[in-house]
Amino acid sequence: MNFMGTIIDLTALTRVEKLRLLEEVWSDRTRRSDDLTSPAWHRDVLAERTKRMQTGEADFRDLHEVKARLRESLR
């Protein structure tokens with residue numbers, strides 16, 4: 001990976017180093033909140049989901065159930 005003259009060989013990083021790098025990137029992104037606006041489509045998706053919850057059309061599943069169903073479907 002080469003950004004602005006900085007070369008990072010991701011394959012040479014340990015898992016811990018990669019996680020630290022991700023944390024640094026995320027920390028940098030959150031410090032500059034002025035450019036963290038969500039796209040319009042995201043607002044639309046959230047509005048539709050809120051509407052489905054309010055009308056009782058939303059279908060909620062337990063996370064463990066969802067994981068089990070996904071594992072089964074991938075076999």
Side-chain angles (χ1 to χ4, degrees):
M1 190 177 293
N2 186 347
F3 292 106
M4 301 171 75
T6 303
I7 298 173
I8 301 172
D9 181 4
L10 294 176
T11 61
L13 297 177
T14 66
R15 186 174 72 173
V16 171
E17 291 169 330
K18 289 176 184 178
L19 289 173
R20 285 185 182 148
L21 179 60
L22 286 171
E23 288 172 356
E24 285 294 321
V25 170
W26 184 251
S27 179
D28 180 65
R29 287 289 296 149
T30 57
R31 275 194 297 273
R32 299 187 331 241
S33 62
D34 58 325
D35 66 345
L36 288 177
T37 56
S38 294
W41 67 264
H42 192 236
R43 182 192 65 240
D44 298 340
V45 168
L46 292 176
E48 178 60 30
R49 290 179 181 176
T50 300
K51 178 181 168 188
R52 290 185 60 177
M53 285 177 19
Q54 292 170 340
T55 61
E57 297 174 54
D59 185 25
F60 296 96
R61 305 283 179 178
D62 178 84
L63 180 58
H64 298 293
E65 178 188 345
V66 172
K67 286 181 178 181
R69 290 178 71 191
L70 284 171
R71 284 187 195 108
E72 185 63 32
S73 70
L74 295 173
R75 287 185 184 187

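Here the structure is a predicted model, which means the values were calculated and not measured.
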What side-chain donor-acceptor pairs closer than 3.5 Å can you find for residues 43-52, not counting sequence neighbours?
unit_1 : atom_1 : unit_2 : atom_2 : d
Thr50  : OG1    : Leu46  : O      : 2.9
Arg52  : NH2    : Glu57  : O      : 3.2

side-chain hydrogen bond (donor to acceptor under 3.5 Å, both in side chains): which pairs involve residues 10-21, sequence neighbours left out?
Asp9-Thr11, Thr14-Glu17
Taken in chain and number order and not counting sequence neighbours, the residues that satisfy side-chain hydrogen bond (donor to acceptor under 3.5 Å, both in side chains) with Asp28 are Arg32
Side-chain polar contacts of residues 64-74 - donor-acceptor pairs under 3.5 angstrom, sequence neighbours left out - could you list them?
unit_1 : atom_1 : unit_2 : atom_2 : d
Glu65  : OE2    : Arg61  : NH1    : 3.3
Ser73  : OG     : Arg69  : O      : 3.4
Ser73  : OG     : Leu70  : O      : 2.9

Give me the other members of the hydrophobic cluster that Leu22 sits in, counting Ile, Leu, Val, Met, Phe, Trp and Tyr linked by side-chain heavy atoms under 4.5 Å, directly or via other members.
Leu19
By side chain to side chain contact (heavy atoms under 4.5 Å, CB included), Ser38 pairs with (sequence neighbours left out) His42
